[in-house]
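Structure first, commentary second.
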Amino acid sequence: MKAFVNRNIRSDMCRITFVAAGMILNVLFSFLTYYFNLPIYLDTVGTMVVSSVGGLFPGIIAATLTNVITMAFNDESIYYGIINTLIAIITAYFARSDSFKKVKKVILFIVICGALSGSLSSFVEWGLVSGSQEVFMTDFATYVTAATGMPAFLSFFLVNIVLNTIDKGISIGLALLLVYIIPDRLKEIIKISRWRQKPLTPSEIKNFKENNKDIRYSVRTRITLILVTMCILLLLAVGWIVMRVFFNNQKEEKTQMAQSAAKFAAEVVDANKIDDYLAKGESEPGYTETKNMLYKIRENAPGVIYLYVVKITSDGNGIYVFDLDSLGVDEDYGNMEAYTVGEVVPVEKEFRPYLDDLLSGKGMDAVESESATWDWMVTTYYPLVNDKGQCVAYVGADASVDYIVSYISVFLIRILLIMASVFVLILAYGLWTTGIFITYPINGIVRGVEIFINAGSDQKKMDSALRELRSIDISTDDEVEKLYNSICDMALNQAEQMRGIRKLYDETEKMQDGLIITMADLVENRDSDTGAHIQKTAAYVKIIVEGLKEKGYYAEKITPKFMSDVVRSAPLHDVGKINIPDSVLNKPGKLTDEEYEIMKTHTTAGKNIMEKAISTVEGENYLKEARNMAAYHHERWDGKGYPEGLHGEVIPLSARIMAVADVFDALTSPRVYKKAFSVEKAVSIIEEGSGTQFDPKCVEVFLENLPKAEVILKKYNEEK
């Protein structure tokens, strides 16, 4: 484990260094192209190299941080971060599918990146930074417009795409060259550094995705949704707070500017001459000079659009004393002509609640108003007081809030562009972390456990599955690693328990087989001339049952368990002879009818013995086939056998197999009442009984494997 951790530390440091080198390469190319005012950028070369070798997340890191660093010499570069980030995503996708090994795919990559970066940068440059920073691009777009007559923005858009396509073509060329130069060993270290387990191949990752199709919501999907939701909410919250604070600050600033302008204007207007100004207008001495002073005050008050002097009457009207012409100030704020001296205008509805205060000379707070005529304004009134201390009029100053809203819209777009690359970085980090620390380790554990489960009771498969499970080598230093180690320990314990159970089973099986042979020997030793009958018949039974398996006969019946049970219990087929008197069992001559009937009872006796044994041993066991063979191995295919006269496939298959083996051994073995028949003679008799005495399929496979039977016969004849 310590070696594994040290390996991870070294590979992580290598990966970090590699990403830093990619950023430095981006910044260097960006600085050179900016310094020499070149029409291309080359600020994605490092991003392409990092994404091609290190993958998606390192590429996004290099892309995002590049545009942060380049702000040191280009303030506008931060707005293009999302473009660099998208290039990292596209590059990682093409590299993962080995598309850069094909010329057509490289051309497709250049076209996609050129069109995407050209389109996005056009909107950014045209909408936010008032055109391209590159003189060459602006001049070229102007030339295209002049030559073709197409709209300026469309020309700018097309030129931007063309130049970005050229830029991305050169960039990917340099990037692929650098990737080719990088040593394969270094590339391998960088690729595997992200893994906290045995690195997965693309095919293994694809298999994980295929296996997870039945999962409605994967962990990765859930975490992705959480990250996206949180990022969007955070972006909205930050955007709203920033806009609100900025707007309030700007409105407060404009309000203060309007108040200052109104107060300053009140100092230059002679309140004692208000009535004279209303009576004589511009002919009154000092009127024109005062109006010119008001113009200068407005010019030096940024954001103040309208500056005027008005007298409020008790009937809710305002009589204008001074009103500056708004024409030529700013076309965005309307083009209303100034009111003439003495012109009466009803007080706007926004100011009516303050009418009593205005008439009493108390003034009013700043008031916001919005109309189709006056736009969105913040208005302040400052009282003009004569020498008698009477409020004779008010100086009004209107500052426009409309342009603040317009600026905030642009500001919001700028924030969104800046946050977009950060958003993608956070999302990529979340997906990367989820993948290497949760998704891939859990999928590896699931796959390993499934293989272990599918191994069943096969010890070799269990050991192999355990080795594969341990080879995942998860090292996440968290609960997932603890879970993995616990599962490995559990699987190891289960494998060892199964090994112990199998050992006990094998020992029990050997003991059972020994008891079978012992029981069979007790019977055989009473028969004076059966000569290794149980060994030979068991061997013949094995030949027949394996032959049936190979031919595909009785496939639904012949399972590995059935084959094992039949071969193991074959020696017990004559166990019923234990009840036959010696005078009948070992009679040297031909049996009488009565004696033959007694001999026939060994089948029912064998059945009874086996059923008693079965009732003693609970559950499924091989003795059931021993019972079938003991009871029915003298039944005939045509139904003329004993003890029950069963026929055809009604006779248990194990008994039909034993019938062939038993007769062949009886024919080829000497008895007190006859000599041994030749193999040819025995085969002839068995062939003759096919379909009458014997199951034809059993006879068929036995005769096809006759050489094997002859080997067994020869073996035991030589041992006599």
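- Of all non-hydrogen atoms in Val304 and Ala258, the two that sit nearest each other are CG2-CA, 4.0 Å.
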Practice task
Under the side-chain contact (heavy atoms from CB on, under 4.5 Å) rule, what do Ser30 and Tyr41 come out as? Steps first, then yes or no, please.
Solution key: CA-CA 6 Å; Ser30 180; Tyr41 313 102; over 6 Å; no
Problem - Residue pair Phe100, Thr91: steps toward the side-chain contact (heavy atoms from CB on, under 4.5 Å) verdict - result: CA-CA 9 Å; Phe100 289 131; Thr91 305; 4.0 Å; yes
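- Using modelled atom types, one side-chain atom of Asn67 and one backbone atom of Ser77 make a donor-acceptor pair closer than 3.5 Å.
- Taking CE of Met23 as the start and OG1 of Thr70 as the end, the distance is 11.5 Å to the nearest 0.5 Å.
- Nearest heavy-atom pair across Leu469 and Cys488 is CG-SG, 3.9 Å.
- Applying the salt bridge (charged side-chain N to carboxylate O under 4.0 Å, His left out) definition to pairs two or more places apart or across chains, those involving residues 174-186 are Asp184-Lys187.
- Other residues, nucleotides and ligands contribute over 12 non-hydrogen atoms within 6.0 Å of the CZ atom of Arg499.
- Not counting sequence neighbours, the partners of Ser155 by the side-chain hydrogen bond (donor to acceptor under 3.5 Å, both in side chains) test are Thr145.
- Between the CG atom in Asp477 and the CD atom in Glu481 there is a gap of 5.0 Å [rounded to 0.5 Å].
- Using a 4.5 Å heavy-atom threshold, the side chains of Phe18 and Arg15 count as separate.
- For Val162, the side-chain contact (heavy atoms from CB on, under 4.5 Å) partners at least two apart in sequence or on another chain are Ile166.
- Atom CG of Asn493 is surrounded by more than 12 heavy atoms from other residues, nucleotides or ligands within 6.0 Å.
- Between Arg222 atom CZ and Thr434 atom OG1 the span is 13.0 Å, to the nearest 0.5 Å.
- Between Phe452 and Ala491 the shortest heavy-atom distance is CZ-O, 3.4 Å.
- Closest approach of Phe123 and Ser119 over heavy atoms only: CD1-O, 3.0 Å.
- Scored by the ring-ring contact (aromatic ring centres under 6.0 Å, His included) test, Tyr35 finds Phe31 as partners (sequence neighbours excluded).
- Remark: Ser99 pairs with Ser97 by the side-chain hydrogen bond (donor to acceptor under 3.5 Å, both in side chains) rule, at least two apart or across chains.
- In this pair, Tyr34 and Phe73 present their aromatic rings tilted. The plane angle is within the 30 to 60° band.
- Here Thr559 pairs with Lys561, Phe562 under the side-chain contact (heavy atoms from CB on, under 4.5 Å) rule; sequence neighbours left out.
- In this structure, Ile89 and Val424 have side chains that are in contact, with non-hydrogen atoms separated by less than 4.5 Å.
- Taking CD1 of Ile83 as the reference point, atom OG of Ser117 lies at 6.5 Å (rounded to 0.5 Å).
- Nearest heavy atoms, Gly59 versus Val50: N-CG1, 3.7 Å.
- Here Thr476 pairs with Asp478 under the side-chain hydrogen bond (donor to acceptor under 3.5 Å, both in side chains) rule; sequence neighbours left out.
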Exercise for the section: Please report the C-alpha distance between Glu252 and Gln256 in whole Å, then the side-chain angles of each, then the deciding distance to 0.1 Å, and finally whether the side-chain contact (heavy atoms from CB on, under 4.5 Å) criterion is met. Expected result: CA-CA 6 Å; Glu252 180 65 24; Gln256 291 177 0; 3.2 Å; yes
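- Side chain of Ser471 to backbone of Glu468: a donor-acceptor contact under 3.5 angstrom is found.
- Closest approach of Gly456 to Met462, counting heavy atoms only: O-SD, 3.4 Å.
- For the residue pair Gln459/Asp463, the side-chain donor-acceptor check at 3.5 Å is satisfied.
- Aromatic ring centres of Phe57 and Tyr429: separated by under 6.0 Å.
- Asn443 places a side-chain N or O within 3.5 Å of a backbone atom of Thr439 that can act as its donor or acceptor partner.
- Going from atom CD1 of Ile61 over to atom OG1 of Thr47 covers 11.5 Å, rounded to the nearest 0.5 Å.
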Exercise for the section: Please lay out, stage by stage, how Phe423 and Leu234 fare under the test side-chain contact (heavy atoms from CB on, under 4.5 Å). Expected result: CA-CA 10 Å; Phe423 171 83; Leu234 180 62; over 6 Å; no
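- Applying the ring-ring contact (aromatic ring centres under 6.0 Å, His included) rule to Tyr484 yields no partners; only residues at least two apart in sequence or on another chain are considered.
- In this structure, Ser51 contributes its side chain and Ala92 its backbone to no donor-acceptor pair below 3.5 Å.
- The shortest side-chain heavy-atom distance between Met230 and Ile426 does not fall under the 4.5 Å cut-off.
- Using modelled atom types, no side-chain atom of Ser464 and backbone atom of Lys460 make a donor-acceptor pair closer than 3.5 Å.
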Check: residues 168-182 side-chain donor-acceptor pairs under 3.5 Å, at least two apart:
residue	atom	partner	partner atom	Å
Ser171	OG	Asp167	O	2.8

Practice task
Let me see the working for Asp43 and Thr66 under side chain to side chain donor-acceptor pair (under 3.5 Å), right down to the final yes or no.
Solution key: CA-CA 8 Å; Asp43 58 343; Thr66 291; over 6 Å; no
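- Residues satisfying the side-chain contact (heavy atoms from CB on, under 4.5 Å) test with Thr64, not counting sequence neighbours, are Ile60, Thr85, Ser421, Leu425.
- Looking at residues two or more places apart in sequence or on another chain, you find a side-chain contact (heavy atoms from CB on, under 4.5 Å) between Leu28 and Leu32.
- Side-chain contact between Met498 and Gln494 is absent, with no heavy atoms from C-beta onward closer than 4.5 Å.
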N/O donor to acceptor pairs below 3.5 angstrom from side-chain atoms of residues 101-116, sequence neighbours left out:
none

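- The line from CG of Leu120 to CG of Asn84 is 12.0 Å long, rounded to the nearest 0.5 Å.
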